[in-house]
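Accompanying notes for the structure given below.
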Amino acid sequence: IIPLDTKKELALLHIGGGELQKEGVIWAKELGLKVIVTDINKSAPAARYADEFWNISGEDVEKLMGLAKIVNTKYKLTGVHTSSDFGLQAVSIISEELCLGACSLEALNNALNKQESSKKWASNNLDCTVGAVVSTLQQARMIIEELNYPVILKPVVGCGSQGIQSVDSNEKIEGAFNNAKNISRN
């Protein structure tokens, strides 16, 4: 049991204020929470529903951590939320640092890294797709030749379905490979 400081209002740090995050912000407000929204876009649609808005990228963990500490001083921060893949690392790190409860950074990284996910599943006797990690176009062509068409090319690290492409012919391999590789770099 964690005693709550009843003198402070409860708050939620909501990382991401895009159109798709609006409903979550509204819902948190309806629950009576003070909602602090962050977004890299100064004109984020959900910002107008928030109690406070801060122009911070969902990937700037250091600035978000600083903000979380400020919010936790002003209010009683009860959670950090994102409905976008880009804020997940920040949610995990902030929640761990401030004892708010969220998945561990290791669990998050395992979930976002397809290669690590597949290894974990296989080590626990769970079915997973047949595939390979490649770093060159030549390796991709060789593996695809073994697997036969159609195949799915996707970045090893990434989220939000970015860089995922179905390939059903030799002509599409290079474009799909380059797209996935570029996403993995970002």
Side-chain angles (χ1 to χ4, degrees), residues 13-27 37-47 54-65 80-96 102-186:
L13 179 56
H14 196 291
I15 300 172
E19 187 65 35
L20 296 175
Q21 286 82 31
K22 255 182 8 185
E23 292 303 316
V25 171
I26 292 168
W27 181 68
V37 170
T38 69
D39 200 286
I40 195 167
N41 177 3
K42 291 179 182 178
S43 302
W54 291 69
N55 182 225
I56 303 174
S57 166
E59 295 177 323
D60 192 336
V61 177
E62 187 176 325
K63 284 184 181 175
L64 290 167
M65 177 64 80
V80 183
H81 172 75
T82 187
S83 47
S84 164
D85 295 340
F86 299 104
L88 290 173
Q89 186 178 37
V91 168
S92 181
I93 291 169
I94 293 167
S95 295
E96 185 175 333
C103 76
S104 71
L105 189 57
E106 178 185 10
L108 174 65
N109 289 335
N110 286 337
L112 293 177
N113 185 310
K114 284 82 173 164
Q115 183 179 17
E116 289 302 313
S117 294
S118 292
K119 282 181 188 176
K120 296 268 185 201
W121 296 336
S123 71
N124 287 291
N125 298 317
L126 296 171
D127 289 335
C128 55
T129 57
V130 176
V133 176
V134 298
S135 55
T136 67
L137 181 57
Q138 182 181 359
Q139 290 173 329
R141 290 185 192 281
M142 288 173 33
I143 296 296
I144 290 170
E145 191 174 302
E146 291 174 23
L147 295 175
N148 297 316
Y149 292 109
V151 298
I152 303 292
L153 266 70
K154 56 185 176 177
V156 171
V157 177
C159 53
S161 300
Q162 292 184 344
I164 297 175
Q165 196 166 342
S166 177
V167 175
D168 58 8
S169 69
N170 287 339
E171 295 76 34
K172 294 181 181 178
I173 296 172
E174 186 171 354
F177 174 82
N178 289 334
N179 187 32
K181 192 165 186 158
N182 287 335
I183 295 295
S184 278
R185 259 187 230 130
N186 296 333

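Computed from a prediction, not measured in an experiment: that's the story for all the values here.
In this structure, Q139 places its CD atom where more than 12 heavy-atom neighbours from other residues, nucleotides or ligands lie under 6.0 Å away. At most 12 non-hydrogen atoms from other residues, nucleotides or ligands lie less than 6.0 angstrom from NZ of K154.
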Worksheet item: Where do S83 and H14 land on the side-chain contact (heavy atoms from CB on, under 4.5 Å) test, with the steps shown first?
Response: CA-CA 8 Å; S83 47; H14 196 291; 4.1 Å; yes
Worksheet entry | Test side-chain contact (heavy atoms from CB on, under 4.5 Å) applied to Y149 and I144, step by step | CA-CA 7 Å; Y149 292 109; I144 290 170; 3.6 Å; yes
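Closest heavy-atom contact between P155 and A180: CB-O, 3.4 Å. Shown here for A46 and K22, the closest heavy-atom pair between the two residues is CA-CG, 3.7 Å. The shortest non-hydrogen separation linking L64 to S57 is CD1-O, 3.4 Å. Across all their heavy atoms, G17 and A44 have their closest contact at O-CB, 3.2 Å. For the pair V134 and F177, the tightest heavy-atom approach, listed with the atom from each and the gap, is CG2-CE1, 4.0 Å.
Within the model, atoms CD1 of I15 and CG of D60 stand 10.5 Å from one another, a figure rounded to the nearest 0.5 Å. The distance from atom NZ of K120 to atom CG of L126, rounded to the nearest 0.5 Å, is 12.5 Å. Taking CE of M65 as the reference point, atom CG of L13 lies at 10.5 Å (rounded to 0.5 Å). Atom CD1 of I173 is separated from atom CD of E145 by 9.0 Å, given to the nearest 0.5 angstrom. Going from atom CG of N179 over to atom NZ of K172 covers 13.5 Å, rounded to the nearest 0.5 Å. Distance check: E96 CD to E106 CD gives 10.5 Å after rounding to the nearest 0.5 Å.
Using modelled atom types, no side-chain atom of E146 and backbone atom of I143 make a donor-acceptor pair closer than 3.5 Å. In this structure, the side chain of D39 does not engage the main chain of N55 through any donor-acceptor pair within 3.5 Å. Checked by atom type and distance alone, the side chain of N182 pairs as donor or acceptor with a backbone atom of N178 at under 3.5 Å.
If you check the side chains of Q138 and T136, you find no donor sitting under 3.5 Å from an acceptor.
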Please list, one pair per line, the donor and acceptor atoms closer than 3.5 Å that link side chains of residues 88-95 to other protein atoms, with sequence neighbours excluded.
from	atom 1	to	atom 2	distance (Å)
S92	OG	C103	O	2.8
S92	OG	L105	N	3.0
S95	OG	V91	O	2.7

